[in-house]
S.K.: 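For reference, the structure I am asking about is given below.
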Amino acid sequence: MKPSLLQWLVCPQDRGRLELTDGTETNGEIQSGTLLCATCSSQYPIVRGVPRFVRSDDYASSFGLQWNRYPELQLDSRNGTHFSRDRFYSITEWRPPALEGRLILDVGCGAGRFAEIGLSDGAEVVGVDLSSSVDAAYKNLGSHPRFHCVQASIYDLPFADATFDYGYCIGVIQHTPDPRKAVESILPKIKVGGKVGLWIYELNWKAFVGTVGFKYLLRPVTRRLDFEQTAKLSSGLERTFWPVTRWGRRHGFIGKLVMRMLPVSCAHLHSVPLSDTHFREWVQLDTLDMYSPQHDHPQTFARVKAWLEGANFQVEPRHPHGGISITARRLG
C-alpha cells in the first residue's frame, strides 16, 4: 500500500477517517500494519501490501483461486497482444487521452488486466476486489507508482462518495448476489460530471444456445463441485475439444461459428494472435471462469439503464460490444 492511498480511504462501517498504526514500509510500500477508524475504532489489517476490509472471499473465492492460478495470462504486457486494451475501450467507448491524470476506480480488478490499460494511459488506478485476486494484482502492478489495490466488498466500498473521476466494472456485476445493489453501491463513488462504464452478461435468447447455453445447462452440476473439481472439468473439456478449436482458429467465420457451439469458452479468442500454448491456457481459464462462479445473474439493458438513471446518471447510446456495454455520466 502506498501512503498516498490513505487520502481516499474511509471506514466502510461509518465513513470515518482512517489512521495508519504500526506500519512497516519497504521501498515506499507499506507491507503490513493496521488501519484504525478514528470514530468507531474498527481495525483493518494491511497484509502483503494490501489493505483488507473483509475477513474472507465469501462468494467470490473461486475468482481469487483462478486469478492466482493464471495471474499474468490476460495482461497485454505479458501475452504480447492488445486484446485487453481493445476490449476495455470498445466496452467503455472512452478515449485514451481522457484518462490521463484521472483517478479511476476499477471494481472487480482481478489480476489487474484492465487496470494496466488505465495506468499505461496516464491514469491513477485504485483496484478493488472481494477475492484474494488482489494478491495477483499487487504482484503484477504493485510496483507501478500510480496503482493501488484494496480487498473489499462491492457493497461496502471503503471510499468517500464523489471521489473518482471515472469508474468501471467489467464482467463482475452478474456474479454478485444482488446486481442492482452492486451497481448502486458503485455509483455514489463517482464525482459529478464523472463517468462509469459497465459490462454485464445479458439476459436474451443467446443465453440459451451454444457455449452460453451449455453453461446454464451444466450449472446445476458444476455448482455442486468444489473449485479443484471444476478446474479438472474445465481442463478436461479443453483437452477433449482441442482438435475442434485448433481447426476452428484456422477456418475464418465458419470456424468461429463452430467454436460458438462448443461447451468451452473459446470463440471470443478466435482472432487473437496467441500461441497455441497461451490460447489453450486462456480457454481453460475462461471455461473455468464460466462454470465456477457461485452466482450468475444476467440482466437486461433496460433494467441496468433504469438503475443508472434512477441514480441521476445520463446514459449514453447503447454500445455494440456484446452483452450489456453501458456508459453513463453523473449529473448530480
Side-chain angles (χ1 to χ4, degrees), residues 1-10 12 18-35 43-57 60-61 63-82 84-85 88 99-154 157-159 163-172 189 285:
M1 169 184 161
K2 296 171 179 63
S4 58
L5 174 62
L6 196 58
Q7 66 185 301
W8 301 306
L9 292 176
V10 297
L18 296 175
E19 299 174 347
L20 174 67
T21 63
D22 304 319
T24 301
E25 187 171 329
T26 303
N27 297 325
E29 290 281 331
I30 301 167
Q31 295 296 327
S32 63
T34 301
L35 296 175
Q43 298 184 35
Y44 307 99
I46 301 169
V47 181
R48 296 185 297 277
V50 178
R52 316 277 176 159
F53 292 89
V54 291
R55 294 184 179 181
S56 73
D57 290 18
S61 60
F63 294 104
L65 293 168
Q66 79 179 38
W67 291 124
N68 281 291
R69 180 166 298 191
Y70 299 96
E72 300 181 356
L73 185 61
Q74 292 189 335
L75 270 66
D76 284 355
S77 62
R78 314 298 166 85
N79 60 43
T81 75
H82 46 78
S84 292
R85 182 180 183 82
F88 177 79
L99 301 189
E100 186 171 1
R102 303 286 190 176
L103 181 63
I104 296 180
L105 177 62
D106 178 345
V107 182
C109 64
R113 173 187 185 183
F114 298 116
E116 182 181 60
I117 307 306
L119 294 171
S120 69
D121 289 327
E124 185 144 8
V125 180
V126 180
V128 59
D129 205 293
L130 175 61
S131 79
S132 61
S133 64
V134 292
D135 292 311
Y138 186 78
K139 180 180 179 181
N140 287 334
L141 303 173
S143 62
H144 195 289
R146 288 181 276 104
F147 179 70
H148 312 272
C149 200
V150 173
Q151 186 175 12
S153 169
I154 196 171
L157 295 170
F159 311 108
T163 293
F164 297 93
D165 300 301
Y166 284 72
Y168 60 85
C169 186
I170 298 175
V172 174
K189 309 306 173 187
L285 166 61

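It should be emphasised that the depicted structure is a prediction, and the values quoted were computed from it without experimental measurement.
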S.K.: Under the 3.5 angstrom rule, does the side chain of Arg85 hit a backbone N or O of Asp76 as a donor-acceptor pair?
M.R.: no

S.K.: In Å and rounded to the nearest 0.5 Å, what is the CG to NZ distance from Leu157 to Lys189?
M.R.: 6.0 Å

S.K.: Do the side chains of Arg52 and Asp135 get close enough for a salt bridge, i.e. N-O under 4.0 angstrom?
M.R.: yes

S.K.: Could you check whether any side-chain heavy atom of Gln66 comes within less than 4.5 Å of a side-chain heavy atom of Leu285, counting everything from C-beta outward?
M.R.: yes

S.K.: Is there a side-chain contact between Val150 and Leu5 in this structure, where contact means two heavy atoms from C-beta onward sitting under 4.5 Å apart?
M.R.: yes

S.K.: For the pair Gln7 (side chain) and Ser4 (backbone), establish whether a donor and an acceptor sit closer than 3.5 Å, ignoring hydrogens and angles.
M.R.: yes

S.K.: Should Val134 and Arg48 count as side-chain neighbours, where that means a heavy-atom distance under 4.5 Å?
M.R.: no

S.K.: Roughly how far, to the nearest 0.5 Å, is the OG atom of Ser56 from the CG atom of Leu130?
M.R.: 7.0 Å

S.K.: So, Asp121 side chain and Leu99 main chain: donor-acceptor pair closer than 3.5 Å or not?
M.R.: no

S.K.: Could you tell me whether the side chain of Leu20 reaches within less than 4.5 Å of the side chain of Ile46, counting heavy atoms only?
M.R.: yes

S.K.: Can you list the residues that meet the salt bridge (charged side-chain N to carboxylate O under 4.0 Å, His left out) rule with Asp165, with sequence neighbours excluded?
M.R.: Lys191

S.K.: Less than 4.5 Å apart, side chain to side chain, heavy atoms only: is that true for Arg102 and Glu124?
M.R.: no

S.K.: Indicate the atoms forming the closest heavy-atom contact of Gly112 with Leu141, along with that distance.
M.R.: O-CD1, 3.5 Å

S.K.: Within a strict 4.5 Å, meaning less than it, do heavy atoms of the Leu18 and Phe53 side chains meet?
M.R.: yes

S.K.: Search all heavy atoms of Gly142 against all heavy atoms of Lys2 and return the closest pair with its distance.
M.R.: O-NZ, 2.8 Å

S.K.: Output all residues satisfying salt bridge (charged side-chain N to carboxylate O under 4.0 Å, His left out) with Arg146, sequence neighbours left out; order by chain, then residue number.
M.R.: none

S.K.: Tell me yes or no: between the side chains of Glu116 and His144, is some donor less than 3.5 Å from an acceptor?
M.R.: no

S.K.: Between Pro12 and Pro158, which heavy-atom pair has the shortest distance, and what is it?
M.R.: CD-CB, 4.2 Å

S.K.: Distance from Tyr44 atom OH to Leu35 atom CG, nearest 0.5 Å?
M.R.: 9.5 Å

S.K.: Return the CD1 to SG distance between Ile154 and Cys169, rounded to the nearest 0.5 Å.
M.R.: 4.5 Å

S.K.: What heavy-atom pair brings Gln31 and Tyr138 nearest, and what distance separates the two atoms?
M.R.: NE2-OH, 3.1 Å

S.K.: Does the Asn79 side chain pair with the main chain of Leu73, one donor and one acceptor, at a distance under 3.5 Å?
M.R.: yes

S.K.: Nearest 0.5 angstrom please: Trp8 CH2 to Thr163 OG1, how far?
M.R.: 9.5 Å

S.K.: Scan Leu119, Val126, Asn140 and name whichever one has a side chain to side chain contact (heavy atoms under 4.5 Å, CB included) with Phe147.
M.R.: Leu119

S.K.: Are the ring centres of Tyr168 and Phe88 closer than 6.0 Å?
M.R.: yes

S.K.: What distance separates His82 NE2 from Ser77 OG, expressed to the nearest 0.5 Å?
M.R.: 14.0 Å

S.K.: Which heavy atom in Pro71 sits nearest to a heavy atom in Ala111, and how many Å separate them?
M.R.: O-CB, 3.3 Å

S.K.: Apply side-chain hydrogen bond (donor to acceptor under 3.5 Å, both in side chains) to residues Ser132 and Gln151 and explain how you reach the verdict.
M.R.: CA-CA 7 Å; Ser132 61; Gln151 186 175 12; over 6 Å; no

S.K.: Indicate the atoms forming the closest heavy-atom contact of Ala137 with Gly110, along with that distance.
M.R.: CB-O, 3.4 Å

